[in-house]
Peer 1: 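Okay, handing you the structure first.
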Amino acid sequence: MILQTVLLVAAALFSVGLYGALSQQVVVMVMMGLELMLNGLILAAAGFWWFLSPDPSGQVLLLVIIAAMTVEMAMGFAVATALHRVRRADMTDMAADLSR
Amino acid sequence: MITHVAFWILAIGAALTGAAVFIVNSMARASYALAVSFICVGLQVLLLQQNYVGVVTILMMVMEMAVMAVYMVMFMGMNPALMPMSMVHDKRHALAVSIGVFLLLAAGALLTPWPARRGTPPADVTAALGEELMEPKMLVMAAVGVVMAATIVAGVVLAAHRTRYDRFGDDLRRRPARDPQPGGVGR
Amino acid sequence: MEHRHDAHETTHGTDHYMTNAGTRGGGHAGHAGMGHGAMNMAPAGIPLAIGGEDRDGLELDALHVRLGPVLAHWPAGLVLRCTLQGDVILDADASLIDADQPVAEDDGRGSTRPLFAARRCDNAAGLLELAGFNDIASHARRLRDALLNGDAHTGPQLDRLARMARRSWLLRWSLRRLGPVTDQDVARWHLPDTLRGDTRDRLLAMLDRAAQALAGRNGHLVAEQPRVPIDAVAELVRGWDLAAARLIVASLDLDMWTADRAVSRV
Amino acid sequence: MTVVPPPWALAAAGLLGLLTLGAAVLDGVLSARAAGTHVRTGLTRPIGEIARLMRQRRRVTVAADTLLWRIGGAGLLVMALMIITVVPLGKWTLFDLDVGVVWFNAMDVLAWAFVWLTGWGANSAHSLVGGYRFLAHGLAYELPLMFALVAPAVAASSLNVATIAAAQQNLWFAVWMPVAFLVYCMGVLAIAVWGPFSPALAPDTAGGVTAELSGLDRLLFLGGRYALLVAGAAFAVPMFLGGGSGPLLPAWMWVLVKTLALLTAFIWLRRRLPAVRPDLFMEVGWVVLLPAVLLQDLLVAGIALGRS
């Protein structure tokens with residue numbers, strides 16, 4: 001467990017999430033992809049903190065990432081519900097079409 | 001030694017379950033695969049001595065994925081919960097981009113001459129985090145708190161279907177409210 | 001066993017993506033990889049559920065679930081075919097099993113006063129059990145057994161049961177405002193007067209009737225019992241969730257032993 | 001605080017198992033008494049039930065998601081085991097985690113996953129409804145529970161369970177933060193799907209999540225509920241009931257005595273309280289419990305500030 005291996009794992013998680021976020025059509029699945037990317041970020045940030053500068057302020061960044069995730073999810077769910085109610089759309093490109 | 005073994009097991013677990021999210025056919029399995037991936041990362045963060053952040057990651061993400069599974073089942077119209085699905089577009093490009101990004105990040109991780117460790121970890125990491133949040137980084141805490149509260153309100157407003165006028169009538173005087181099913185405190 | 005992905009019986013058999021795709025016509029090439037059309041729409045031989053309008057505007061999948069004829073704390077023989085969305089009963093259709101069989105004209109089982117009271121206690125025990133009041137429910141069941149055994153001194157016990165039910169504010173909190181039956185409902189569905197009020201009112205009325213029967217105050221008993229049209233049962237549970245519907249049905253104090261065609265007695 | 005070596009986890013699991021069995025027997029006795037049958041049937045029924053379920057063949061449902069179903073069924077027991085790792089027994093503990101309170105919280109949230117998965121896996125309408133009803137309860141109880149856990153942590157200014165227990169030398173937290181204690185107890189009943197929080201497996205949905213469970217899965221699930229009651233009662237001891245402090249008896253014995261007392265109260269309560277349907281409880285959770293427990297936290301924080 002050295003910084004490089006932690007970052008490798010984080011990069012793998014981030015890339016898998018990126019693939020999901022780019023390729024999935026369903027809004028909720030895109031959100032899962034984003035979550036996975038943030039998951040990688042958490043791991044990378046934790047690794048940086050521990051191996052580079054284990055002073056207290058670094059951890060705050062992690063908490064901010066986690067908070068960002070929850071906000072993203074909550075708003076994502078709300079938007080998905082609203083979209084579903086209005087147009088029965090749950091696919092990203094349907095949502096894009098609706099804006100025209 | 002045991003930390004290294006644990007780290008690698010968790011690392012492989014996190015990556016595999018992360019990939020499983022986009023491979024499995026069932027919505028329930030996809031969301032709980034993501035939950036397992038988060039649990040693995042949370043435990044890895046525990047291994048990196050950041051106990052609070054690690055445990056909070058597990059806590060938040062299991063809850064989120066429980067809700068996620070419900071949304072999946074609710075909104076995935078034609079029920080891919082049971083159907084083998086292939087709801088992707090531009091699969092090839094997405095794959096190329098993400099592999100490229102991975103190579104880039106991996107190269108960066110391996111080739112960058114990372115500086116030596118500055119400073120030493122505080123004796124009580126969690127207490128240090130708490131003090132940091134409540135003293136120098138108070139602004140972060142305050143901002144996060146406000147954003148969270150705003151999220152709750154905004155989320156409910158966005159997702160809610162009925163307004164208070166539906167419940168209490170146009171003059172907001174109807175008591176008890178007209179609900180499809182009455183709630184517990186009888187408003 | 002019922003399945004959550006039962007066949008949908010209505011005519012709009014296409015799924016909504018297809019409908020949407022159809023209305024939008026071209027500009028749609030990106031969807032080539034979706035491949036909906038090629039899918040087998042019936043995993044494990046069960047056709048997929050299809051969404052429909054619902055009260056919350058979420059268009060969840062409609063599931064078809066049959067309640068009864070045999071279910072714990074349920075009037076035996078009553079069948080409710082429900083269309084559920086989530087656990088909300090969107091639509092229901094009630095029927096009675098063996099409604100066309102000739103029923104032995106009063107076989108004596110419902111005629112004596114203790115038996116009448118025992119039946120009320122049994123129904124009350126079912127309702128209390130469904131509401132999760134285990135202690136009062138066991139009390140009601142023991143009282144029923146005592147009545148069936150012909151024990152003496154059941155009157156004070158019945159009074160005690162009624163008092164427990166009336167005094168419990170938790171019971172009141174849990175059953176009030178459930179399945180209200182107004183004067184208009186009574187007139188519209190030809191319901192007996194005894195069903196007026198919410199579920200708690202009906203529970204107390206049930207116990208009252210038992211007490212009156214034991215005390216010999218109501219003269220008519222079975223012969224003049226008012227009847228509950230079976231369709232009204234379906235009407236009453238519509239729009240409530242599954243568990244509330246179970247409570248409402250239990251509170252109707254149905255008595256299927258003497259059921260005749262599409263009619264039950266209270 | 002002495003951290004015992006890992007093999008002692010087996011002993012802890014054994015103790016949890018004993019208390020779980022005791023809880024089941026107690027419930028059997030209370031049920032038998034209420035039904036007016038002989039107390040002995042209540043004593044023997046749990047044993048007979050275990051034997052029956054171990055021999056019973058599993059019921060198979062069409063298109064069940066067997067993997068998730070099994071995980072859900074076994075999960076509650078795992079949760080209970082994970083919770084007791086941070087509970088100090090006298091001066092011994094298995095896992096002296098500095099964020100033990102958050103650990104408990106993370107473990108109790110797993111109930112959301114496991115109960116829902118049990119409902120989902122069977123592919124049956126009734127059990128799925130049961131799973132959703134649990135989540136609806138969860139939305140109402142989880143936040144008050146979280147804030148109830150905050151109160152003792154603030155008062156002891158630590159998230160470590162042993163430190164919190166040590167902070168109650170003079171006065172139990174249950175005494176001067178009763179709202180937090182009551183809400184915590186409610187949370188334990190809820191994660192154990194017990195008593196008032198049993199609508200997820202109530203008879204009104206034909207057994208809910210347990211509708212299709214059979215054999216070993218059913219045994220693990222039902223046993224897991226009792227084990228969660230035990231674990232919740234055990235965790236309440238250092239959090240609210242002064243840990244191992246008490247006269248005469250050694251500290252570890254006091255922990256057991258207090259656990260047993262709270263456990264008995266939990267088991268007894270089941271018969272006394274109605275099931276709270278999620279549609280009723282949702283409003284209560286957000287409108288009554290959450291503000292109440294937040295006020296409690298404010299009060300506790302004020303007192304803690306005044307002391308320091």
Side-chain angles (χ1 to χ4, degrees), chain B residues 2 24-33 35-36 38-39 42-43 46 49-74 81-83 123-131 134 152 156 176-177 179-187, chain D residues 6 62-63 65 67-69 71-72 75 79 82 86 97-117 119-121 123 128 131-132 134-136 138-140 142-143 146 153 157-160 163 276-289:
Chain B
I2 204 157
V24 292
N25 286 332
S26 142
M27 291 290 88
R29 287 190 178 194
S31 18
Y32 281 100
V36 173
F38 272 112
I39 291 177
L43 291 174
L46 267 180
Q49 307 293 322
Q50 290 151 81
N51 294 349
Y52 182 77
V53 176
V55 177
V56 159
T57 307
I58 298 176
L59 179 129
M60 303 283 284
M61 292 311 144
V62 170
M63 229 162 136
E64 251 184 49
M65 290 309 135
V67 176
M68 176 75 100
V70 173
Y71 271 82
M72 291 272 196
V73 176
M74 227 160 75
L82 293 172
M83 300 296 299
D124 188 339
V125 176
T126 310
L129 172 62
E131 271 158 22
M134 283 305 141
I152 294 180
V156 170
D179 288 329
Q181 199 153 327
V185 292
R187 284 176 315 122
Chain D
V62 179
D65 194 332
L67 174 71
L68 296 185
W69 199 14
I71 291 176
M79 271 169 67
M82 298 303 249
V86 293
L97 190 63
D98 61 348
V99 290
V101 177
V102 192
W103 176 260
F104 172 84
N105 209 185
M107 292 305 122
D108 80 53
V109 161
L110 290 178
W112 288 43
F114 291 135
V115 177
W116 187 81
L117 284 176
W120 165 263
N123 189 22
L128 188 64
Y132 284 138
F134 183 81
L135 286 187
L139 288 175
E142 192 64 51
L143 273 180
M146 281 182 180
S157 51
S158 171
L159 288 169
N160 179 289
T163 317
V276 288
R277 293 191 312 281
D279 49 319
L280 288 184
F281 188 65
M282 185 69 82
E283 209 175 33
V284 174
W286 284 89
V287 176
V288 180
L289 292 180

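Each chain gets a letter, A, B and so on, in the order its sequence line appears, and its residues count up from 1.
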Peer 1: Examine whether an atom of B:Tyr52 lies under 4.5 Å from a heavy atom of chain D, and if so say whether it belongs to the side chain, the backbone or both; otherwise answer neither.
Peer 2: both
Peer 1: Quick check for you: to the nearest 0.5 Å, what is the distance between D:Ile71 atom CD1 and D:Phe114 atom CZ?
Peer 2: 8.0 Å
Peer 1: Which bit of D:Val288 is near chain B, if near means a heavy-atom gap under 4.5 Å: side chain, backbone, both or neither?
Peer 2: side chain
Peer 1: Distance check, rounded to the nearest 0.5 Å: B:Glu64 atom CD versus B:Thr57 atom OG1?
Peer 2: 11.0 Å
Peer 1: Heavy-atom cut-off 4.5 Å, strictly under: side chain, backbone, both or neither for D:Leu110 against chain B?
Peer 2: both
Peer 1: Against chain B, label D:Leu117 side chain, backbone, both or neither, depending on which of its atoms sit under 4.5 Å from a heavy atom there.
Peer 2: side chain
Peer 1: B:Met60, B:Met61, B:Arg29: which one forms the most heavy-atom pairs within less than 4.5 Å of chain D?
Peer 2: B:Arg29
Peer 1: Check whether the side chains of D:Asn160 and D:Asp98 place a donor and an acceptor atom closer than 3.5 Å, and report yes or no.
Peer 2: no
Peer 1: Got D:Leu289 and D:Phe281 here, is their nearest side-chain heavy-atom distance under 4.5 Å?
Peer 2: yes
Peer 1: Counting only N and O atoms by type, is there a donor-acceptor contact under 3.5 Å from the side chain of B:Ser31 to the main-chain atoms of B:Met27?
Peer 2: yes
Peer 1: Which atoms of D:Trp116 are under 4.5 Å from chain B, going by heavy atoms: the side chain, the backbone, both sets, or neither?
Peer 2: side chain
